[in-house]
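To start, the structure under review is shown below, and the notes come after it.
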Amino acid sequence: MEEEEFDFEFSEDPKQSVERYEEMVRNQDQYFFDAHVFENIIDYYIEKNDPVKALQVIDYAVLQHPFAAMFLIKQAQLYVFTNEIDKAFTSLERAELLEPSEGDIYLIRGNIYESLERHEDALENLLKALEMAESKDEVLMQIAYVYQNMGDYDEAVNYLKQCLENNMENQDALYELAFCYDVLDKQDESIQFYKQYIDNEPYSFAAWYNLGNAYHKIGLFEKAIDAYDYAILIKESFSSAYFNKGNALVQLDKYAEAIEVYKQTFEYEPPNADTYCAIGECYEKLEKMDEARSYYKKAVKMDTKLADAWYGIGVTLDFEERYFESLHFYKKALNLDDQNPDFWFAMADAYYKLNNLEESVKAYEKVVELNPLDVEAWLDYSSIVFEQSNLKLCIEIIAEGIKNNPDAAELYYRLVAYLFADGQYNEALTQLQLALNTDVDKHYLLFEYLPQLQDNKVIIDIINRFSK
């Protein structure tokens, strides 16, 4: 039987083309398809997430159009998708022989090398792709990613800026740039860049948002809020800007305002556990514990692994002096994150209030192990040991605290009190001079802890000498 030929026009409906193609396969026949029509059929199967069928179409396309590099390029992309990397490289080699000036060959090859962590090979190919690409911003973006993965964030910044020069509206580049500046801890440069960018693109909500984040990171919360407001003005449904504005208001202790702003995110996206938790924290700061607990519960209902929300429930119960109940929720938080010193601190405090000093000491041990810079924890920890009349140990604890916090006058004054209580008067007077050297104005702490020392003439004389 003679081979039947059909030549389908460019304008043919893609669905019709697919039907014709499938009829050909069923009939085990050979119809002729224009290259453009083959492309439509391949794209149809890609959209249907059926790479195997798309690859079968490419086999037919390559047979009928052996000099069309585009089919080999698509084939390579699909092989990457199906994780057949060697086959992808082979397809790209064949495409390169046919069309060595086709930039996509080097772009795909560069991306494959990058996925294999062969950064230098990736860069070599991506720089070739850059020479040939008509729209360069995508390639510049890929080069920036490679430099990020190599840990060279300065070079990544350089390419991201070039990317934005080529396409001012590339929002991915704007966000990546913010990330790089963050890693480099160059918030001032970040602010300078986004302000210049906004001069040229005043309606870029992404630029205003990133400017807000940079201000937030250096503690300029009022300026951050202004920037978030501009982002929201340009894009009313920008829920991340509302959320971060809420965070900035929290930093300014404007909890009631923050709650309203957090709630605005619900108008534009479904509520999520983090936002519920943030609202709960605001109510907690306002000492509205029922509302706080209600939002923390909403958070854990949505995400049972959100340790902060379990902890928050514990804090609200603790506030209501329901210490035994609060322990249950602190434990839940610690089961999810046992490296969080705040959770251990709360546990230690609750055990202390329940007069379980042994468990309280164990929890304080954890706090100072995880966060040796927490002066309050060293004071509380040593204080409980002092209550148990173990003077030797409480002196050791506070000395260790001083080693980690040599500028904390509170610790020196407490050490003086313990040394006096232990009868080590000479050492106590030596430490008192260190304490006064560190911060003379805090000497009242000594009398707060051991009021009887106010009658000690030697101590009063030393303090008076330092105060002059």
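In this chain, residues are counted from 1 in sequence order.
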Exercise for the section: Please determine, by modelled atom types, if Asp137 and Gln162 share a side-chain donor-acceptor pair under 3.5 angstrom. Expected result: no

Exercise for the section: Could you tell me whether Glu396 and Lys392 make a salt bridge, using a distance below 4.0 angstrom between a side-chain N and a carboxylate O? Expected result: yes

Practice task
For the residue pair Tyr262 and Phe243, categorise the inter-ring angle as parallel (less than 30°), tilted (30 to 60°) or perpendicular (more than 60°).
Solution key: tilted

Practice task
Considering only NZ, NE, NH1 and NH2 on the basic side and carboxylate oxygens on the acidic side, decide whether Arg465 and Asp461 come within less than 4.0 Å.
Solution key: no

Exercise for the section: May I ask you to test the Tyr145-Glu176 pair for a side-chain heavy-atom distance under 4.5 Å? Expected result: yes

Problem - Nearest heavy-atom neighbours spanning Leu126 and Val139 - result: O-CG1, 3.3 Å

Practice task
Say whether, by atom type as modelled, one donor and one acceptor occur between the side chain of Asp422 and the main chain of Gln424 under 3.5 angstrom.
Solution key: no

Exercise for the section: Give a yes-or-no answer on whether the side chains of Asn390 and Gln388 include a donor-acceptor pair shorter than 3.5 Å. Expected result: no

Problem - Side chains of Ile259 and Leu286 in contact at under 4.5 Å (non-hydrogen atoms) - result: yes

Practice task
List the steps and the verdict of side chain to side chain contact (heavy atoms under 4.5 Å, CB included) for Val250 and Glu281.
Solution key: CA-CA 9 Å; Val250 165; Glu281 209 171 319; 5.7 Å; no

Problem - Ser360 (side chain) donor-acceptor with Leu357 (main chain) under 3.5 angstrom - result: no

Handout entry: Any Ile225 side-chain heavy atom under 4.5 Å of Leu252 side chain
Key = yes

Problem - Tyr209 side chain reached by Leu211 side chain, heavy atoms, under 4.5 Å - result: no

Problem - Glu260 and Gln264 side chains, donor-acceptor separation under 3.5 Å - result: no

Exercise for the section: Using atom types as modelled and distance alone, determine if a side-chain donor or acceptor of Asn167 lies under 3.5 Å from a backbone N or O of Cys163. Expected result: no

Practice task
Apply the salt bridge (Lys or Arg N to Asp or Glu O under 4.0 Å) test between Arg293 and each candidate in Glu284, Glu325, Glu320; give the one that qualifies.
Solution key: Glu320

Exercise for the section: Would you check if Lys353 and Asp318 make a side-chain contact, meaning some heavy-atom pair closer than 4.5 Å? Expected result: yes

Completion exercise
With Tyr418 as partner, the option from Ile395, Leu450, Ile397, Val385 fulfilling side-chain contact (heavy atoms from CB on, under 4.5 Å) is Ile395

Problem - Straight-line distance of Tyr153 OH to Asp182 CG, nearest 0.5 Å - result: 10.5 Å

Problem - Donor-acceptor contact below 3.5 Å, side chain Ser294 vs main chain Asp290 - result: no

Practice task
Please determine if Lys128 and Glu131 form a salt bridge, counting it only when a charged side-chain N lies under 4.0 Å from a carboxylate O.
Solution key: no

Exercise for the section: Please confirm whether the backbone N or O of Pro372 pairs with a side-chain atom of Asn405, one donor and one acceptor, at under 3.5 Å? Expected result: yes

Problem - Side chains of Tyr159 and Gln142, donor plus acceptor under 3.5 Å - result: no

Exercise for the section: Report yes or no: does Tyr215 contribute a side-chain atom to a donor-acceptor pair with the main-chain N or O of Ile191 at less than 3.5 Å? Expected result: no

Exercise for the section: Taking the side chain as every heavy atom from C-beta outward, state whether Gln431 and Glu427 have any atom pair closer than 4.5 Å. Expected result: yes

Exercise for the section: Taking Tyr412 for its side chain and Gln433 for its backbone only, find out whether a donor-acceptor pair lies under 3.5 Å. Expected result: no

Fill in the blank from the handout: Nearest heavy-atom approach of Ser326 to Gly314 is CB-O, 3.2 Å

Practice task
Nearest 0.5 Å please: distance from the CG atom of Asn111 over to the CG atom of Leu116.
Solution key: 11.0 Å

Practice task
Side-chain contact test, heavy atoms from C-beta onward, threshold under 4.5 Å: evaluate it for Ile460 versus Phe447 and give yes or no.
Solution key: yes

Practice task
Measure from the ring center of Phe221 to the ring center of Tyr228 and say whether it is less than 6.0 Å.
Solution key: no

Practice task
Indicate whether the side chain of Asn158 and that of Tyr147 have a donor and an acceptor atom separated by less than 3.5 Å.
Solution key: no

Problem - Geometric class of the Trp208/Tyr230 ring pair [parallel <30°, tilted 30-60°, perpendicular >60°] - result: parallel

Exercise for the section: Verify the neighbour count for atom NZ of Lys235: are there more than 12 heavy atoms of other residues, nucleotides or ligands below 6.0 Å? Expected result: yes

Handout entry: Any donor-acceptor N/O pair, Lys136 side chain to Leu130 backbone, under 3.5 Å
Key = yes

Exercise for the section: Output the distance between atom CG (Asn404) and atom CG (Asp374), rounded to the nearest 0.5 Å. Expected result: 11.0 Å

Practice task
State, to 0.1 Å, how close Glu236 and Tyr242 come at their nearest heavy-atom pair, and which atoms those are.
Solution key: O-OH, 2.8 Å

Practice task
Please check if atom CZ in Phe324 has more than 12 non-hydrogen atoms from other residues, nucleotides or ligands closer than 6.0 Å.
Solution key: no

Practice task
Of all the heavy-atom pairs spanning Thr438 and Asp407, show the shortest one and how long it is.
Solution key: CG2-O, 3.4 Å

Handout entry: Tyr296 and Tyr276 aromatic centres sub-6.0 Å
Key = no

Problem - Glu169 atom CD, over 12 foreign heavy atoms within 6.0 Å - result: no

Handout entry: Contact check, side chains of Asp199 and Lys195, non-hydrogen atoms, under 4.5 Å
Key = no

Problem - Value rounded to 0.5 Å, distance of CG in Leu434 from CG in Leu411 - result: 12.5 Å

Problem - Check: Tyr413 ring centre within less than 6.0 Å of Tyr449 ring centre - result: no

Practice task
Check whether more than 12 heavy atoms from other residues, nucleotides or ligands sit under 6.0 Å from atom CD of Glu267, and answer yes or no.
Solution key: yes

Exercise for the section: Kindly write out the residues that satisfy side-chain hydrogen bond (donor to acceptor under 3.5 Å, both in side chains) with Tyr311, not counting sequence neighbours, or none if the list is empty. Expected result: none

Exercise for the section: Would you please indicate yes or no on a ring centroid separation below 6.0 angstrom for Tyr364 and Phe345? Expected result: yes

Practice task
State whether Glu365 and Lys362 are salt-bridged, where the test is any N-O pair (Lys NZ or Arg NE/NH1/NH2 against Asp/Glu carboxylate O) under 4.0 Å.
Solution key: no

Handout entry: More than 12 heavy atoms from other groups under 6.0 Å of CG on Asn426
Key = no

Exercise for the section: Report the distance from atom OH of Tyr283 to atom CD of Glu291, rounding to the nearest 0.5 Å. Expected result: 6.0 Å

Practice task
Walk me through it: do Asp337 and Gln339 pass the test side chain to side chain contact (heavy atoms under 4.5 Å, CB included)?
Solution key: CA-CA 5 Å; Asp337 178 7; Gln339 298 300 298; 3.9 Å; yes

Exercise for the section: Could you give me the CA-CA distance, side-chain angles and deciding distance for Arg414 and Cys394, then say whether side chain to side chain contact (heavy atoms under 4.5 Å, CB included) is met? Expected result: CA-CA 10 Å; Arg414 183 65 65 85; Cys394 79; over 6 Å; no

Problem - Cation over ring face, Lys298 and Tyr295, 6.0 Å, 45° - result: yes

Practice task
List the atom of Phe420, the atom of Tyr425, and the distance in Å for their closest heavy-atom pair.
Solution key: CD2-CD2, 3.3 Å

Handout entry: NZ/Lys217: more than 12 non-hydrogen atoms of other groups inside 6.0 Å
Key = yes

Exercise for the section: Would you confirm whether Asp338, through its side chain, and Leu334, through its main-chain N or O, come within 3.5 Å as a donor-acceptor pair? Expected result: no

Handout entry: Exercise: identify the closest heavy-atom pair between Leu446 and Ala417
Key = CD1-N, 3.7 Å

Exercise for the section: Say whether, by atom type as modelled, one donor and one acceptor occur between the side chain of Thr265 and the main chain of Val261 under 3.5 angstrom. Expected result: no

Handout entry: Derivation of the side chain to side chain contact (heavy atoms under 4.5 Å, CB included) call for Leu174 and Asn170
Key = CA-CA 7 Å; Leu174 277 175; Asn170 189 322; over 6 Å; no

